[in-house]
Amino acid sequence: MPFFDTKDIAKIGIQNGISKKQINGFQAFVDIDNLKESPLGFQEVFKSFCESGNSNWLNPSLIWNRLDEILAKFQADRSLLHHFRDLLAASVRIGLSPHSFFKYVISPRLSRDYDWRSWEVKHIPAFHSIIALIATLKEHERYKKDQIEGAFKILSSDIVLTKYIAYPIAHTPIDLLSNSVFCKSYIDIWLKIQFSNPLFFHFLKLNIFPILKKFSAVWSTNQITSLLKKLPELEATFQKEFSQKEKEWRRIPKLSIYSIDFEHGFLERKKSGFNKIDYYREISSFINILQSLATKRVGIFFLDYLGRRLVIHKDPKKYEAAIELIQSLKDRTGLSIYFWHFRKFFKMKYEDREKYPKFISENDGMDPEYKIILDRIFDEELITDKSKYQNHEYMSKLQAILKELKMDDLFHNQNVSPRLVLKEFLKKSKLEVRDLIQSAIDDCLDGNDRSWHLEKCVQLDRISKNLFFLFKSYIIRGFSAFQEINWLGHKNNSSSFNHHWEAYKDVHKSPSLRFFYDFLFKKRNSDDTNKKQEEVIRQKINIDNFEYFHILTEFGASTNINTFFTYFQKKLLSIRKSIQELKNHSLEVDKSELNKIQKSILHLERKHSNLVELLELARVKNGSLQKILLIILFPNFFSIKDQETKEFYQFLIESNSDRKELEFLNKFIFEDVVIDRISLPQIESICRIVEEISQSTMQEIGIKENISDIQNSEFFKLLKPYSLVKSKELNVNAIDAAIKKLFNLNKMIKEKDKWIDSVHSKESTNSNPLFQYRIVLNKSPLDSYYGTMGGICLAQYPKLIIETRLFNFRIVDLKRKDIMGSMLGYYINTPIPKLKIDRYLSVFAINPLLSFLTKLGGKDKILFYLHIRKSLEEFAKQFNIPILLAGADGTFGLISEYPNFSSIILKN
């Protein structure tokens, strides 16, 4: 054997990026082989290895040595090794890593056949056929490069070609591998797969590649190719729907159909009786399921749950029915629609399950029962679900009214409400009755109800003893708004028109200021967006706070109220530590900094002393007082990101008088929201639950009773500095401010407004109709419901309207024909010399209903307020009375009950 200098060749390999360690190992192997009596002759292989290799290539001699040992153990004819040397040479010639080819093709095929005598006939030609197939693939641009980009991690072309492409057919019979039609078909499959989508490759790596590795020797080649043929279409769907890179995902969807990993899932299924066909049917069905889910906004996030549920059913028909159900469901921007329908689906009998997808398609993509749940959460103008699920007394009353009106059938309507009852009653009434009621409605919208005499009230009462209840619920939207009915605690319970007008007859002693102002306002639809629009909008808003809040909704074990005081004890330790650190630092600074540090120390010492006294007092107080203390303190010491806040959020719900409804809403948000695909309905539901927690907490009997007692207790001075209300008041407004601050509600509302504004900015100027609204003033007994009109806590004080200097401006929706907000004015005749005025109207409590405001973006809220301001300017001109806005000093809730709208008023 002539001398062959491997050193110079090795230098070429190092220059091409092959690891020196790999070069040295293979070089030593070649040099040793040259010294043998009958060398195999690896010189040319080594030379090609160094000239064609790249940084991903490994030393093939390690696997070669194992093959050599096996043949030696069986005392096999070592001339066989020449065939394997030729295979290595062939793989290197086409630029394929010989180590990868040995590991993923040669070793798996030989590991199932110990008859070495048959290898030359059965396997060697098969390996050459596979090399030829790979060579054809490498002619295409994508596989010519050393690496394939597009997945979460950059892929080595050699790994893709051997581990993912060649491995599945490593066990294929030689007659099929030598069939040109089969080879062309197989090559076409892999040319269609681009490896360009990270999420798709993530799915392959978790599910397809492991199961092919496990069963490629067991399944038939037809089964394998049938499975692979599904992948190009799936990848195309992923590429269309999910373009995000790994770093852009906050939570990568769990795309594995196995609970922990493939091996664990494989053993679980094996124990449950799975055979090789069951595994094949399962993975094949799940590719079809994922194909259906991937076309939906958040569908792929449901694969984890569906996989865990379907694994216990080795029923192909159930898989098929599941796919049909997915396709029939409406593409809502949330996961709850999938959870709800599939829970019902899995409980059904076989025959019902088969019919269910068709039933869903016929009902606009959702079960009517689920529609009730969505109305319960998102339809702010319906009391239906609130009353059905909670207020049995209210629904009993409504049922009695329907019976009296001979309209019993209407009670079974899922959207039954007083407004609907009156609408239907008007349809069936005689003309004179219909005209009388309709004229009464028009009077209230025009402000002409001030002129009503008792005779008119008696006429209306004669129609039905329940007409007044239906009428006020129809004309005042606040009575039927889902949110407001929960907490207003109405004290104005007149049973009839006559009774009410008699009870508030003193209203007529106020001077008559007849005023109305009409304006047009474009009411725009913010919900109708497509996936691409939502993706663009999500880039513009900050969803961090929604992500933090969503984490809160995953409930754990309940936390005792005393535990929260332990958390504040830890805060005391932290404050003491900070004081000591500042004292130590003060010894090292010059006089110019010393004064500043001493002030900081003094501030922390006062804070520490104050908190110590508060915690000591709280230990001997009742639960409601302790709860008030915690609510006021929490946003001063903890943020929405803290685990303590997560526990406190759960405590606020579990200790709430409205616990059942809040837990229902919380569970819905937890299941529905997908942060990476969050959209307006989910944002609205998150903002809603914070509002609900705040409002229901303010209305708890223990909170209301104790918050007023605090003003005269030792708590007042200690707790006052922690109040987030600008005036440092300690009242229900301070409770409201603390809860909203803790959960960053105002920040979330700003992002919600951005979303709505982004939707509206894409709309055509003529794409939304103009609606007519009216600001009307002409004080009448109906204005005793001023608090309900605006959905504010002042609804508890209806008698205030009798005050001669108090006026209520109704905000009227002329399209819907109801009152959907209010604002109050107080006439003051005390001169203000500085402003050169001797009288003025102080306007405050400017409150369109929250159910109306939540549908507006920031720009539309400003525009709506500017219409209100214009109406006040017209009022000032008409009556020559200056208008001053109360609450400019920031007094919480004075200018408006809703902080976000209040800030708009103060800025404009």
Side-chain angles (χ1 to χ4, degrees), residues 19 22 25-26 29-30 33 40 42 45-46 48-49 53 56-135 137-138 155-174 176-178 186 190 205 208-221 224 262-263 266:
S19 163
Q22 305 302 324
F26 195 15
F29 171 79
V30 173
D33 180 69
L40 290 169
F42 279 96
V45 176
F46 180 69
S48 298
F49 179 88
N56 298 311
W57 283 27
L58 301 178
N59 172 17
S61 65
L62 298 175
I63 294 181
W64 179 274
N65 288 335
R66 288 202 293 272
L67 177 65
D68 198 0
E69 289 170 7
I70 291 169
L71 289 174
K73 187 182 290 185
F74 285 103
Q75 297 182 345
D77 184 352
R78 293 178 58 77
S79 64
L80 270 174
L81 291 173
H82 289 278
H83 293 294
F84 291 104
R85 179 206 59 200
D86 293 342
L87 286 171
L88 287 186
S91 71
V92 171
R93 276 197 300 273
I94 66 170
L96 183 69
S97 165
H99 178 278
S100 297
F101 187 72
F102 239 106
K103 181 177 180 179
Y104 296 114
V105 181
I106 294 177
S107 292
R109 187 176 181 106
L110 297 182
S111 66
R112 301 182 65 84
D113 185 2
Y114 297 110
D115 183 8
W116 58 270
R117 296 172 184 83
S118 67
W119 285 6
E120 186 174 351
V121 176
K122 288 170 60 178
H123 302 311
I124 299 301
F127 293 138
H128 280 290
S129 294
I130 293 173
I131 287 176
L133 186 149
I134 293 173
L137 281 169
K138 282 185 74 68
L155 300 171
S156 162
S157 296
D158 292 317
I159 295 298
V160 172
L161 288 164
T162 53
K163 185 177 181 179
Y164 302 143
I165 295 178
Y167 187 94
I169 56 170
H171 301 280
T172 300
I174 179 60
L176 201 55
L177 284 173
S178 58
Y186 193 74
W190 288 104
K205 196 171 181 180
I208 304 300
F209 296 149
I211 204 162
L212 286 177
K213 184 178 180 182
K214 182 71 72 173
F215 288 103
S216 62
V218 179
W219 289 342
S220 71
T221 306
I224 293 171
F262 172 76
E263 287 301 327
F266 170 76

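The figures that follow rest on heavy atoms only: side chains count, while hydrogens, waters and symmetry mates do not.
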Throw together a table of side-chain donor-acceptor distances under 3.5 angstrom for residues 166-173, partners on residues two or more places apart or in other chains.
from: Y167; atom 1: OH; to: K213; atom 2: O; distance (Å): 3.2
from: T172; atom 1: OG1; to: I169; atom 2: O; distance (Å): 3.1

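The two residues I165 and Y186 have their closest heavy-atom pair at O-OH, 2.6 Å. Between K138 and I94, the shortest heavy-atom distance links the atoms CE-O, 2.8 Å. Heavy atoms only, all atoms of each residue included: L177 and S129 are closest at O-CB, 3.8 Å.
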Open item on the list: Checking W119 against F84 for the side-chain contact (heavy atoms from CB on, under 4.5 Å) test, could you report, in this order, the C-alpha distance in whole Å, the side-chain angles of both residues, the deciding distance, and whether it holds?
Closed with: CA-CA 11 Å; W119 285 6; F84 291 104; 3.9 Å; yes
Open item on the list: Quick one, L58 with F102, criterion side-chain contact (heavy atoms from CB on, under 4.5 Å). Give me CA distance, side-chain angles, the key distance, then yes/no.
Closed with: CA-CA 11 Å; L58 301 178; F102 239 106; over 6 Å; no
Open item on the list: As a quick check of understanding, evaluate side-chain contact (heavy atoms from CB on, under 4.5 Å) for S97 and N56, giving each step before the final call.
Closed with: CA-CA 8 Å; S97 165; N56 298 311; over 6 Å; no
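Between W57 and F49, the ring planes lie tilted relative to each other; the angle falls in the 30° to 60° range.
At least one side-chain heavy atom of F127 sits under 4.5 Å from a side-chain heavy atom of R109. Inter-residue side-chain proximity for I224 and L212 is flagged as met; some heavy-atom pair is nearer than 4.5 Å. Contact check for F266 versus F215: side-chain heavy atoms found under the 4.5 Å cut-off. At least one side-chain heavy atom of S100 sits under 4.5 Å from a side-chain heavy atom of I159. The side-chain heavy atoms of T162 and K103, taken from C-beta on, include no pair separated by under 4.5 Å. Looking only at side-chain heavy atoms (C-beta outward), S107 and I63 come within less than 4.5 Å of each other.
The CH2 atom of W190 sits 11.0 Å away from atom CG of L133, with the distance rounded to the nearest 0.5 Å. Annotation: the span from I124 atom CD1 to H82 atom NE2 amounts to 12.5 Å, rounded to 0.5 Å. Atom OH in Y164 sits 5.5 Å away from atom NZ in K205 (nearest 0.5 Å). Between the CG atom of L88 and the CZ atom of F101 there is a distance of 9.0 Å, given to the nearest 0.5 Å. To the nearest 0.5 angstrom, D158 atom CG is 9.0 Å from S91 atom OG. A distance of 7.5 Å separates CG of N59 from NE2 of H99, quoted to the nearest 0.5 Å.
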